[in-house]
Each structure stands twice: as C-alpha cells, then as structure tokens.
Amino acid sequence: MTALNTYAEGLRAEGRDVPWFDPHDGGTTARCLILLERPARLGDAPRFVSCDNPAPAQRNLRRFLAEAGLTRRRIVIWNAVPWLPPADTVHNTPSRMTELRDGLAHLPALLGLLPALRAVVLAGRSAGRASPLCAVPVLRVPHPSPVYVNANPSARGRIVAGLSEAASKIECPTTGRH
C-alpha cells in the first residue's frame, strides 16, 4: 500500500484533495482495478477510496462485488478523476472534460504500480475513457450510483456480470481462487 499512497501524496503535492487507497484492498498485489469517476466529497478532509464508504454508490459496489465473488484482497478501487471536487460543487455534478483529461493523464503512473493487474473494470462513461490506457483486458460496466442503477433495470445485472467476468479473468491458475 505504501507505493500507492506515495502516488496519492504526489497528487496532493499538486494542491488537490486526494483520498488514500483503502488498506483493506489488495494494494500493489491487486489483480483487478475498479475505476470509478471521481470521489464524492463527504466532509472537508480526504479519506479513503473504499467500498466501505457510507455513500450509496459505494454500498452498491460492495454488494455487487460480493455477488460477483470478487474479494477485496484482489482489487484496488480508484477514480478517473482522483481528487475531490471543490467544496462548492453541486452534488452529483459530472466531471468536466478538462478534469477528466487531467485525471487520466495520471493513470499510467498508477497502472505501473500494479504489476499483478489482470483486468480493469471501468464503471461508467467517464471511467470508460481510460480504456486506451489499459494494457490488460477491460470490462465496461455502468456506474454503481443508485441514480443510475434505480433508473435502469438492467444496470445491476450488467454490473454484477462485468465484475463476475473480472473475477474469472483474475483467477489464480493453480488454486482457482480469486
């Protein structure tokens, strides 16, 4: 986890509020990166990018990961725009294209810190723009936000199916475990 949090500190050095990586996830040994759009601002201070966060999208993601059989030690969760939005940002405002381009410019450095990576799950349209940067199989799923999941009846199934496919791609050949 040290290398990943050093990466996050480098982003903070640019003057941005960047959350930490979740220590309960796989760190640099993760076999699957789950890329969301950007962290939600929950209070003033950066915290962890985690499916344990109390936000509804993270609760959905935690449930979908469990349904897909994708264990926390095999994943790392991050965001296409890795810093928190400004404090005055309207809730659920999509990232601007300039923010997204700037965020994705930092992604290759992160990918270089994940030598065991075997799959990348891109959750939502914004994260989907990271596809050309990935050298491993990419799976596109809807974003786990309840706004989208509740409005689109097929979204839940598509997310679980994509995460299940990621789980099969990262399976350890000798043990069959994720």
Side-chain angles (χ1 to χ4, degrees), residues 1-62 64-65 72-117 119-136 138-148 159:
M1 204 50 75
T2 301
L4 296 181
N5 283 322
T6 299
Y7 166 83
E9 285 175 6
L11 295 174
R12 266 187 220 94
E14 296 178 3
R16 296 185 165 122
D17 291 333
V18 177
W20 300 104
F21 286 85
D22 188 331
H24 295 291
D25 289 348
T28 57
T29 64
R31 297 176 65 85
C32 179
L33 169 65
I34 298 173
L35 197 68
L36 301 167
E37 180 179 351
R38 73 172 179 196
R41 183 171 281 284
L42 301 171
D44 293 329
R47 75 284 183 243
F48 296 101
V49 175
S50 174
C51 64
D52 290 332
N53 286 340
Q58 283 66 33
R59 283 195 306 266
N60 279 348
L61 181 59
R62 182 174 55 246
F64 299 151
L65 287 167
R72 298 276 300 273
R73 300 304 304 167
R74 292 295 195 196
I75 67 166
V76 66
I77 302 170
W78 199 239
N79 290 283
V81 177
W83 44 84
L84 278 72
D88 62 351
T89 300
V90 175
H91 187 64
N92 288 336
T93 300
S95 299
R96 294 185 312 253
M97 190 52 70
T98 55
E99 291 177 300
L100 188 55
R101 275 195 299 269
D102 192 16
L104 290 176
H106 294 282
L107 188 60
L110 172 62
L111 294 172
L113 298 173
L114 301 171
L117 200 63
V120 175
V121 176
L122 303 175
R125 268 188 237 141
S126 293
R129 294 184 179 275
S131 186
L133 303 172
C134 302
V136 298
V138 168
L139 301 151
R140 294 173 185 258
V141 300
H143 193 279
S145 164
V147 171
Y148 187 76
I159 294 170

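Here N53 contributes atom CG and R62 contributes atom CZ; the two are 9.0 Å apart, rounded to the nearest 0.5 Å. How far CG of D25 is from CE of M1: 6.0 Å, rounded to the nearest 0.5 Å. Separating the CG atom in D22 from the CG atom in L4 is a distance of 11.0 Å, to the nearest 0.5 Å. Atoms CZ and CG, from R59 and D52 in turn, are 12.0 Å apart once rounded to the nearest 0.5 Å. To the nearest 0.5 Å, atom NE2 of residue H106 and atom CG of residue N79 are 13.5 Å apart. Note that NE2 of H24 is 12.0 Å distant from CD1 of I75, once rounded to the nearest 0.5 Å.
Here D102 pairs with R16 under the salt bridge (charged side-chain N to carboxylate O under 4.0 Å, His left out) rule; sequence neighbours left out. Residues passing the side chain to side chain donor-acceptor pair (under 3.5 Å) test with Y148, sequence neighbours excluded: N152. For R129, there are no salt bridge (charged side-chain N to carboxylate O under 4.0 Å, His left out) partners, not counting sequence neighbours.
Under a 3.5 Å cut-off, the side chain of R12 and the backbone N or O of V18 do form a donor-acceptor pair. Looking at N60, its side chain does come within 3.5 Å of a backbone N or O of P144 through a donor-acceptor pair. Remark: side-chain polar atoms of R140 are paired, donor with acceptor, to backbone N or O of G128 under 3.5 angstrom.
Here the closest non-hydrogen pair linking T28 and P115 is O-CD, 3.5 Å.
For the side-chain contact (heavy atoms from CB on, under 4.5 Å) with L33, the qualifying choice from V136, I77, L122, L111 is L111, the only one to do so.
A parallel orientation is assigned to the rings of F21 and W78, their planes being inclined by less than 30° (bins at 30° and 60°).
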